[in-house]
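Below is one structure, written out as structure tokens; the observations come after it.
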Amino acid sequence: MRHIKMTNKVIGLALAALTFTACTETWNDHYEGTTDVGAWADKTLWEAIKADGSLNNFVRVAEATGYDRSLNSSQMFTVFAPTDDTFSSSEADQLISQYNTEKANGVKDEDNTTIKTFLRNHIALYSHSVSGTSSDSIVMMNGKYALLTNDKIGHSELTLKNRLCSNGLLYKVATPVTYFNNVFEYLRTDADLDSLANFLYTYNEYEFMPDQSVAGGINDKGETEYLDSVTVLKNELFDYLGLLNSEDSTYWVVAPTNDVWSRLISEYNTYFNYADNVDKRDSLQYVASRMAIVQGTIFSRTQNRDAAVRDSAMSTAAATYQNRLYAWGSRDFKYYQYEFPFNPGGVFDGTDNIECSNGEVRKAANWNINKNQTFMRTLIVEAETRDNLKEVNEQTTKSPLTSTEVLSSSAFYNKVSRNTFAVVEPTTASVNAEVTFYLPNVLSNVKYDIYAVMVPALAADTLATEAQRLPTKLRFTIYYENQQGRERSENLKNPLDGTSDYVTTPDVIDTLLVAQNYEFETCGYGLTMSPVKLKVKTQIGAKENTTYTRTMRIDCFILKPHEDD
């Protein structure tokens, strides 16, 4: 007896043959609208389409764009081909001309209008059949979702259904399937939104998806050549804004018109003026000023349900209540979150709303998003955070600084930022302590009020001695860079009395106003090492040892921009 080894490949082929036989025998019984299944089961989709005398204009577009090869391959497709009755020869000519023009201008297939909005809008990967009770959302090759029922694909009526071919199913539709822009795509079609679209589209990249592409032969180098290459759009800005091109998500986008964009850029550039010695300063200013406009304009409908969004709209840049402390330095801040957005002057007030496949573009000719609610934020610089520490004068000051927690039993618990502060102590009782901190993310040409928040000894020790509880006398020096990148310094004067001395009040959390209406010529926004620094030192004479303490307890520094800027 001859023994046959049933490998996985042989078993797979056998099952495929049995399955195909069973399907062809019962196909007419299960599916409606097809009477010639047997005549086309061994023909490719392309052979069936080419032989159908009512699809000539569709054939011409497919041939002109190279899709005849894809539909003649072994890849499985479902094709919804519009008939010549409603898809005319002149419309086909227009699509072919548009394809050739864009191709000559270097437009890739994934962005080519003819391929994206027409051909891939009528073709889906794999086989999708219908029956009397069918109702299913399928994904077309361009990523769009379309509802397929027994009668329609989207709003287009099916005039031929379930024609089985060797590499998929063929349908005929009475009218072309409508292409519906998503919010990201719409931006590029509206001439009023060119500025926004051009910025966002600059970051487009495409990732090749070999598992979804139609493979051809192997070239001389042993590499697979693809008849149709499927790519997925990637855009690094989506990481910050939301997946605006996703058909699985729903967004509202408040989109500034070109006039609004131009006005905002002119203003916002002044806030992101980097020193001349900053690497790629022009590029940093370009991106920062534009992101200052865009962040806070995208709203996920998953997070903004109808019941809640009328009271408060939370953009994708907002932080949840639990994360505000670490995002902004305080749970009291609601940056990128807007109260009563539909009220007069609200962020959605007066917008022109355009419905898209995954939400709405809310075109704004008037800009109701306040910069003080978005990028022009109050900065809280934690003294105990290591990254904020530039240096300690080790000749006079103990290093490293001590990070101390507020006692939960203390009256000051939950009144100190993060319930932690830095203790700065002199090396000996006769010298003044001195420490310098970075002030990160400072904007240029913004009037800041600068505060130092000092903590009493009782916050960490309810048994602190009278000597430990004494006030301290401080002096502040600020360092910054001018336009040429040269460091400058200024010894600050107390805004309350014009002197150089700042004296703390004992046994309270004391918020000292260090400087008022202070402007920086250049910014440090987003830089790894901030050019803005603040030196704090005690200024206590030998005869003042019983009046003041040389130990500093610093919670944080606060830089608050004036909201009328």
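Side-chain atoms of Arg550 and Asn545 form a donor-acceptor pair, as typed in the model, at a separation below 3.5 Å. In summary, the side chains of Tyr271 and Lys371 do present a donor paired with an acceptor at a separation below 3.5 Å, with no hydrogens or angles considered. Side-chain contact of Gln483 with Tyr274: a donor-acceptor pair under 3.5 Å is absent, judged by distance alone. In this model, a donor atom of one side chain and an acceptor atom of the other lie less than 3.5 Å apart for Asn258 and Ser195. For the residue pair Asn353 and Thr351, a side-chain donor N or O sits within less than 3.5 Å of a side-chain acceptor on the partner. In this structure, a donor-acceptor pair under 3.5 Å is absent between the side chains of Thr385 and Asp387. For the residue pair Thr114/Glu102, the side-chain donor-acceptor check at 3.5 Å is not satisfied. Donor-acceptor pairing under 3.5 Å is lacking for the side chains of Thr397 and Glu425.
Using a 4.0 Å cut-off between charged nitrogen and carboxylate oxygen, Asp352 and Arg362 do not count as a salt-bridge pair. For Glu205 and Lys234, the salt-bridge test fails: no basic side-chain N is under 4.0 Å from an acidic carboxylate O. Between Glu481 and Arg486 no salt bridge is recorded (no basic side-chain N to carboxylate O distance below 4.0 Å). In this structure, Lys116 does not pair ionically with Glu110, as no charged nitrogen and carboxylate oxygen lie closer than 4.0 Å. By the 4.0 Å N-to-carboxylate-O rule, Lys533 lies close enough to Glu487 to be salt-bridged with it. A salt bridge is defined here as a Lys NZ or Arg NE, NH1 or NH2 lying under 4.0 Å from an Asp or Glu carboxylate O, and Glu185 with Lys144 meets this definition.
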- request: Go through Asn491 and Thr477 one step at a time and tell me if the side chain to side chain donor-acceptor pair (under 3.5 Å) criterion holds.
  value: CA-CA 4 Å; Asn491 295 321; Thr477 303; 2.8 Å; yes
message: Quick one, Asp190 with Tyr186, criterion side chain to side chain donor-acceptor pair (under 3.5 Å). Give me CA distance, side-chain angles, the key distance, then yes/no.
response: CA-CA 7 Å; Asp190 192 325; Tyr186 176 80; 2.6 Å; yes
task: Could you walk me through whether Phe238 and Tyr203 pass the ring pair (Phe, Tyr, Trp, His ring centres under 6.0 Å) test, one step at a time?
output: CA-CA 9 Å; Phe238 292 165; Tyr203 294 86; over 10 Å; no
task: Go through the steps for Thr320 and Asn323 under the test side chain to side chain donor-acceptor pair (under 3.5 Å), then give the verdict.
output: CA-CA 5 Å; Thr320 61; Asn323 293 327; 3.1 Å; yes
query: Could you go step by step and tell me if Thr257 and Lys363 meet the side chain to side chain donor-acceptor pair (under 3.5 Å) rule?
result: CA-CA 7 Å; Thr257 60; Lys363 188 159 64 171; over 6 Å; no
Step-by-step side-chain contact (heavy atoms from CB on, under 4.5 Å) determination, Leu200 to Phe184: CA-CA 9 Å; Leu200 296 179; Phe184 187 63; 3.9 Å; yes
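Side-chain contact between Asn181 and Tyr179 is present, with at least one heavy-atom pair separated by less than 4.5 Å.
Remark: the backbone N or O of Leu241 is paired with a side-chain donor or acceptor of Thr316 at under 3.5 angstrom. Remark: the backbone N or O of Ile478 is not paired with any side-chain donor or acceptor of Ser489 at under 3.5 angstrom.
Between Phe476 and Tyr502, the two ring planes are perpendicular [angle over 60°; tilted spans 30° to 60°].
Residue Glu544 places its CD atom among more than 12 non-hydrogen atoms of other residues, nucleotides or ligands, all under 6.0 Å distant. Open room surrounds CD on Gln395; 12 or fewer heavy atoms of other groups in view lie less than 6.0 Å from it.
Paired with Leu401 under the rule side-chain contact (heavy atoms from CB on, under 4.5 Å), one option of Ile554, Leu389, Val423 passes, and it is Leu389.
Geometrically, Lys560 does not engage Tyr451 in a cation-pi contact, judged by NZ or CZ lying under 6.0 Å from the ring centre and within 45° of the ring axis.
With ring centers used as reference points, Phe299 lies 6.0 Å or more from Tyr251. You'll find the ring centres of Phe375 and Tyr525 outside the 6.0 Å limit.
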Without placing hydrogens or testing angles, list every side-chain donor-acceptor pair under 3.5 Å for residues 335-350, not counting sequence neighbours.
{"from": "Tyr335", "atom 1": "OH", "to": "Thr378", "atom 2": "N", "distance (Å)": "2.9"}
{"from": "Tyr336", "atom 1": "OH", "to": "Arg377", "atom 2": "NH1", "distance (Å)": "3.1"}
{"from": "Gln337", "atom 1": "OE1", "to": "Arg324", "atom 2": "NH2", "distance (Å)": "3.3"}
{"from": "Gln337", "atom 1": "NE2", "to": "Ser312", "atom 2": "OG", "distance (Å)": "3.0"}
{"from": "Tyr338", "atom 1": "OH", "to": "Gly296", "atom 2": "O", "distance (Å)": "2.8"}
{"from": "Asp349", "atom 1": "OD2", "to": "Gly345", "atom 2": "N", "distance (Å)": "3.0"}

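Between the CD1 atom of Ile380 and the CG atom of Asn388 there is a distance of 11.5 Å, given to the nearest 0.5 Å. Note that the CE atom of Met314 and the NZ atom of Lys334 stand 9.0 Å from one another [nearest 0.5 Å].
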